[in-house]
There are 2 protein chains.
Amino acid sequence: MIQRGAAPYKGKWALPGDLVYPNEDLDTAAERVLEQLTGLRGVYLEQVRAFGAVDRHPLGRVITIAYFSLIKISDYTVTPASFAQSAKWHSVGKVGELAFDHNEILESCLKRLRRKVRMTPIGFELLPPKFTLTELQQLYESILVQPKGNKQRIDKRNFRKKILSTNLLHDLNELQAGVAHRPAKLYQFDRDKYELLVAEGYSFDI
Amino acid sequence: MIQRGAAPYKGKWALPGDLVYPNEDLDTAAERVLEQLTGLRGVYLEQVRAFGAVDRHPLGRVITIAYFSLIKISDYTVTPASFAQSAKWHSVGKVGELAFDHNEILESCLKRLRRKVRMTPIGFELLPPKFTLTELQQLYESILVQPKGNKQRIDKRNFRKKILSTNLLHDLNELQAGVAHRPAKLYQFDRDKYELLVAEGYSFDI
DNA sequence: GGGTTTGGTGTATAAATGACAATAAGCTTG
DNA sequence: CAAGCTTATTGTCATTTATACACCAAACCC
C-alpha cells in the first residue's frame with residue numbers, strides 16, 4: 001500500500017496505481033507501476049477486472065484496471081511513488097478502510113488469487129526453486145485460509161499425498177540446511193512436464 | 001455480431017460495442033449497448049476483462065471492457081446499431097475471422113462463461129421459469145461441450161442424479177404440454193433456497 | 001391398439017476425499 | 001556422546017463421489 005500524500009484521501013492507504021500512457025499496453029503499464037514501487041521486473045502479473053463507477057474518484061472520471069502480482073516481499077524493498085508519503089506491505093487480514101473503492105478492488109483480487117492458486121501452479125512463483133513440502137503447504141495455507149474460518153488448516157498427510165500424486169514435483173535428494181531440527185527434503189517444480197501435460201488437456205487442481 | 005458498415009474492417013463481423021459516456025458506469029454502458037442491440041433490459045450481464053493493446057484499433061487508442069450476457073435469442077429480434085450494416089446471431093462454432101481483436105475477446109468470454117456456468121446456477125437465466133430436466137441438460141451440453149471434443153456428452157442418469165441431489169429444483173407436479181411424445185415433468189429453480197445456502201457457505205458445482 | 005418417441009430410473013465399480021497418530025532423523029545442549 | 005528437542009515423514013480405513021451402463025414407462029399419433 002502507499003499512503004496518500006495529497007487530497008483526495010490524504011493520509012489514507014491506497015493500492016498503488018498510475019495512469020496508462022497513450023503508447024503503452026495495459027499489461028505494460030501494470031509492469032511499469034509495479035517496477036516503480038518495488039524495482040521488480042518479470043514477475044507474475046494478472047489482470048483481474050476494470051472498476052468504472054462514475055463517482056469512484058472525487059476529482060474526475062477514472063477507470064481503474066486492477067492487476068495482482070506475486071512477489072517474495074522478503075527479497076525486495078518497497079519505494080514510495082512520488083505522490084505517496086510512504087509505502088508499506090500490509091497483511092491482508094489487517095487492512096483497514098482504504099482510499100477510493102480500493103477495499104472492493106482488493107477483495108476482487110484476493111478472490112481471483114484464491115481461485116487461481118488452486119487451479120494453476122502459480123504458487124511456485126512465490127517459492128525459491130528448491131523448496132520443502134512444508135514450505136509449499138504453508139504457502140497454500142496462507143493464501144487459502146479464509147478469514148471466516150471456512151477451513152482452518154490443511155491435513156499434512158493428505159496435502160503431501162495429493163501434491164505428490166501430480167508427479168510434478170521432482171525430489172532433488174537434497175536436504176534443507178541451517179535448521180535446528182531434522183531437515184526436510186528439497187523439491188523442485190517440473191515446469192516442462194507441466195507444460196507438456198497442459199498441452200494434452202491436463203488441468204492442475206489442488 | 002454486427003457487420004461493420006465503415007472502415008476500419010468494413011464488411012467484417014464484430015462484437016457490438018460502443019463508447020462509454022462520461023457520466024455512465026461501465027455496467028450501465030454495457031446494459032445500454034445491449035439494449036440498443038436487442039431491446040433487452042435486466043438480463044444477466046458480467047464483466048470479463050479489459051483489452052488494451054496499443055494497436056488494437058487502427059484509428060486510435062481504444063480500451064475495450066468486455067462483457068458477456070445471457071439471452072434467450074428466440075425471444076428477441078436483433079436490430080443493427082447505426083454504424084452497422086446488419087446484426088445477426090452467430091453460432092459459436094461457426095465464427096470466422098472477426099474485426100479487431102474480437103476473436104480473442106470472444107475466446108475469453110467463452111472461457112469465463114464455461115467456468116461460470118459450472119460454478120454458479122446462471123444456467124437458469126436462460127431457461128423459462130418452468131423447464132424439464134432434458135432442457136436443462138441440453139443447455140449445459142451446448143455451453144460446455146468443447147470444440148476439441150474434450151467430452152462429447154453428459155450421461156443422462158448421472159446428470160439427473162447430480163442436479164437433483166442439490167435439492168434446488170422444485171418438482172412442480174406438472175407436465176410439459178404440446179409435445180408429440182411422453183411429456184416430461186416440469187421443474188423450477190428455487191432461488192430463495194439457493195441464496196440461503198450461499199449465505200451459509202454453500203457453493204454450487206455441476 | 002400398435003407404433004413411435006422421449007421420459008424416467010438403479011446398481012456396481014472405481015476413484016477421490018477426509019480423518020486420524022506414531023516413528024524417524026538431524027540438531028542442540030549439557 | 002547421550003538425552004532431549006523439534007520438525008519430517010509415512011499408511012490405513014471409512015465415506016463420499018464419480019462413472020459406466022440398459023431397460024421399461026408413458027403419452028401422443030395414426
Side-chain angles (χ1 to χ4, degrees), chain A residues 117-119 121 127-128 130-142 144-146 149-189 197 201-206, chain B residues 115 117-119 127-128 130-142 144-146 149-189 197 201-206:
Chain A
V117 83
R118 295 200 307 115
M119 308 281 288
L127 292 173
K130 302 174 178 185
F131 53 86
T132 70
L133 293 184
T134 300
E135 286 168 348
L136 184 61
Q137 178 169 354
Q138 283 167 350
L139 175 66
Y140 274 92
E141 282 172 349
S142 65
L144 292 177
V145 164
Q146 302 275 345
N150 201 358
K151 123 164 47 170
Q152 226 22 271
R153 214 165 159 189
I154 303 171
D155 181 87
K156 199 168 28 161
R157 276 169 291 190
N158 293 338
F159 177 79
R160 292 161 104 94
K161 232 186 311 178
K162 195 162 177 181
I163 198 87
L164 288 176
S165 76
T166 63
N167 274 96
L168 289 170
L169 294 196
H170 187 218
D171 183 344
L172 293 168
N173 289 317
E174 281 180 62
L175 294 183
Q176 203 179 16
V179 288
H181 53 79
R182 173 176 179 180
K185 288 200 280 187
L186 292 173
Y187 290 83
Q188 193 168 29
F189 177 64
L197 286 174
Y202 171 77
S203 172
F204 187 86
D205 189 1
I206 288 294
Chain B
R115 188 171 50 73
V117 82
R118 296 200 306 115
M119 307 279 289
L127 293 173
K130 302 174 178 186
F131 52 86
T132 70
L133 293 183
T134 300
E135 286 168 347
L136 184 61
Q137 177 168 355
Q138 284 167 349
L139 174 66
Y140 274 91
E141 283 173 348
S142 64
L144 292 178
V145 165
Q146 302 276 348
N150 201 357
K151 118 162 54 167
Q152 227 19 275
R153 215 166 158 188
I154 304 171
D155 182 87
K156 194 169 33 160
R157 275 172 292 189
N158 293 339
F159 176 79
R160 291 160 106 94
K161 233 186 307 181
K162 195 162 177 182
I163 198 85
L164 289 176
S165 75
T166 65
N167 274 96
L168 289 170
L169 295 195
H170 186 219
D171 182 345
L172 292 167
N173 290 315
E174 283 180 61
L175 295 180
Q176 203 180 16
V179 289
H181 54 79
R182 175 177 177 179
K185 288 202 280 187
L186 292 172
Y187 290 83
Q188 194 169 29
F189 177 63
L197 286 174
Y202 171 78
S203 171
F204 187 86
D205 188 2
I206 287 295

Backbone of Ile154(B) reached by a side-chain donor or acceptor of Gln137(B) within 3.5 Å =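 Between the backbone of Ile154(B) and the side chain of Gln137(B) there is a qualifying donor-acceptor contact (under 3.5 Å).
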Do Gln176(B) side-chain atoms and Ala184(B) backbone N/O form a donor-acceptor pair below 3.5 Å?
->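 Yes; judged by distance alone, with no hydrogens or angles, the pair exists.
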Proximity to the side chain of Asn158(B) - top-ranked nucleotide from dT19(D), dA25(C), dG7(C) |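 So the side chain of Asn158(B) is nearest to dT19(D).
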Please tell me which of the listed nucleotides, dG8(C), dA18(D), dG7(C), lies nearest to the side chain of Arg160(B)?
->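 Taking heavy atoms from C-beta onward, the closest nucleotide is dG8(C).
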Should the side chain of [X] and the base of [N] be counted as holding a donor-acceptor pair, with the cut-off at 3.5 Å?
X         : N       : result
Arg182(A) : dA8(D)  : yes
Arg157(B) : dA20(D) : no
Lys161(B) : dT11(C) : yes

Between Leu186(B) and Pro183(A), just flag the one whose closest nucleotide in DNA chain C comes earlier from the 5' side.
->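 Nearer the 5' end of the strand: Leu186(B).
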How close or far is atom [atom2] of [N] from atom [atom1] of [X], stated in whole angstroms?
X         : N       : atom1 : atom2 : answer
Leu164(B) : dG8(C)  : CG    : P     : 10 Å
Glu174(B) : dA27(D) : CD    : C1'   : 17 Å
Arg153(A) : dA19(C) : CZ    : C1'   : 15 Å
Glu135(B) : dG7(C)  : CD    : C1'   : 12 Å
Leu169(B) : dG8(C)  : CG    : C1'   : 15 Å
Gln176(B) : dT5(C)  : CD    : P     : 16 Å
Ile154(A) : dC20(C) : CD1   : P     : 17 Å
His181(B) : dC30(D) : NE2   : P     : 14 Å

If you find the nucleotide of DNA chain D closest to Ala180(A) and the one closest to Asp155(A), which residue's nucleotide is nearer the 5' end?
->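 Per heavy-atom nearest nucleotide, the more 5' residue is Ala180(A).
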Nearest 0.5 angstrom please: [X] [atom1] to [Y] [atom2], how far?
X         : Y         : atom1 : atom2 : answer
Tyr187(A) : Lys130(A) : OH    : NZ    : 14.5 Å
Leu169(B) : Leu133(B) : CG    : CG    : 6.5 Å
Leu139(A) : Phe131(A) : CG    : CZ    : 9.5 Å

Base, sugar-phosphate, or nothing: which does Thr132(A) touch, judged by heavy atoms less than 4.0 Å apart?
->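 If one applies the 4.0 Å heavy-atom cut-off, Thr132(A) turns out to touch nothing in the nucleic acid.
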What nucleic acid atoms does Lys156(A) come within less than 4.0 Å of, heavy atoms only: base, sugar-phosphate, or nothing?
->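 Since a base atom lies under 4.0 Å of Lys156(A), the category is base.
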